[in-house]
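Structure record follows, encoded as structure tokens.
Lettering of chains follows the sequences in order, A, B, ..., and the numbering in each one begins at 1.
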Amino acid sequence: MKEETIVKCTDCASRDLLHDNKRGEIVCNDCGLVLEENIIDQGAEWSVFAPEDENRARAGAPVNLMLHDKGLSTDIDWQNRDFSGKAISPSTRSQLHRMRKWQARARSSNSRERNLQNAMQEMNTMGGRLELPRSIQSEAALIYRRALEANIIRGRSIPGVAAACLYIACELAGVPRPIADVSHKLRMGKKELGRTIRQVKLKLRIRTAPKEASQFIGQFCSKLDLKPEIENAAKEMFAKIKELELDSGRGPTGLAAALIYIAALKGGQRRTQRDIADISGVTEVTIRNRYKELANALEINMEELM
DNA sequence: AAGACGAAAGTGGTTGA
DNA sequence: TCAACAACTTTCGTCTT
């Protein structure tokens, strides 16, 4: 096997890659795609001088947050055999039976545990649909645990809250997704999802930095199959807009969509407003309104581009 | 016929009294 | 708690390519 260093995202071709050695992953900073998993951690070995949890990363299997009990439990085998495979006497047998029963109860007796089991599984498949890296899924799992403990699941559906947690985890990781995109891929209402996201953030006091159009330009361009030059042009234009403070109060996805519309026209790779609207989660009307404003501010003559 | 245009009315969230 | 407000959507008839 030859050593190969990854320099570019296979999805959006971005070179902005994040090497997360603790988690053993290489993640694209633009689109959040996991390019490499299970890389061997080159960090320090177990040290008795620093016994904190974070530094225990290489002692034993990693604690997996996606399992409802963090993967720490021991199963009692169903077979009535001892370790050497011999049959066990009837007296210890009934004792084992009681132990199994007890364990089953302890693990998922209360509704909270069952809820967690359910949710973790749900988030796993959802994370797959959204192609999220494990690091983000783990973060989302953590948020869900907190949400459960804070009693905000009551009156809401498990998939609803799970989706909200995944969305928030993306935000926290600096690779936000448009709500429209998430709601579409997970087949749930945009309104409801948005509401749940807001409430979870409010109750758990999670604050996220305001999103910027630049965070969406990479994602959108790759979905539209646009040349890297166009992506760069759009990002440059955004920098100017930001300087002029014309980005305030505007939705970042709409802004990104409009910038890409202009950049694509200028770069000779025209895309219809409809196409851009579909992937960005804003309407054609918003793209129109925005790009008229922007062309005006940047003194771009759109007529001669048509 | 497809794409772009823009007016008008409606929606849901934020803000400030 | 309520009303005003800005951003965005929906809808739809019209113009342009």
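Between A:R270 atom CZ and B:dA2 atom P the separation is 16 Å, expressed in whole Å. A:R271 has its CZ atom 19 Å from the P atom of B:dA2, to the nearest Å. One atom, NZ of A:K211, and another, P of C:dA7, lie 17 Å apart when rounded to the nearest Å. Between A:E192 atom CD and B:dT11 atom P there is a gap of 18 Å when expressed in whole angstrom units.
A side-chain N or O of A:T286 and one of A:T283 form a donor-acceptor pair less than 3.5 Å apart. A side-chain N or O of A:Y144 and one of A:N115 form a donor-acceptor pair less than 3.5 Å apart.
We find that A:E243 and A:K240 are not joined by a salt bridge, their nearest charged nitrogen and carboxylate oxygen being 4.0 Å or further apart.
Tested against A:E171, the residues A:K201, A:R207, A:R177 include a single salt bridge (Lys or Arg N to Asp or Glu O under 4.0 Å) partner, A:K201. Considering A:F220, A:F216, A:F238 as possible partners of A:L259, the one that fulfils the side-chain contact (heavy atoms from CB on, under 4.5 Å) test is A:F238.
Residues from residues 273-297 of chain A lying near DNA chain B, meaning a heavy-atom separation below 4.0 Å, are A:Q273, A:R288, A:Y291, A:K292 in numerical order.
Inter-residue side-chain proximity for A:L172 and A:I143 is flagged as met; some heavy-atom pair is nearer than 4.5 Å.
Across all strands shown, C:dC15 forms a Watson-Crick or G-U wobble pair, both distances under 3.5 Å, with B:dG3.
Looking at the side chain of A:R250, the nearest of the listed nucleotides B:dA4, C:dA7, B:dG13 is C:dA7.
Across all strands shown, A:G249 has heavy atoms under 4.0 Å from sugar-phosphate atoms exclusively, and none from any base.
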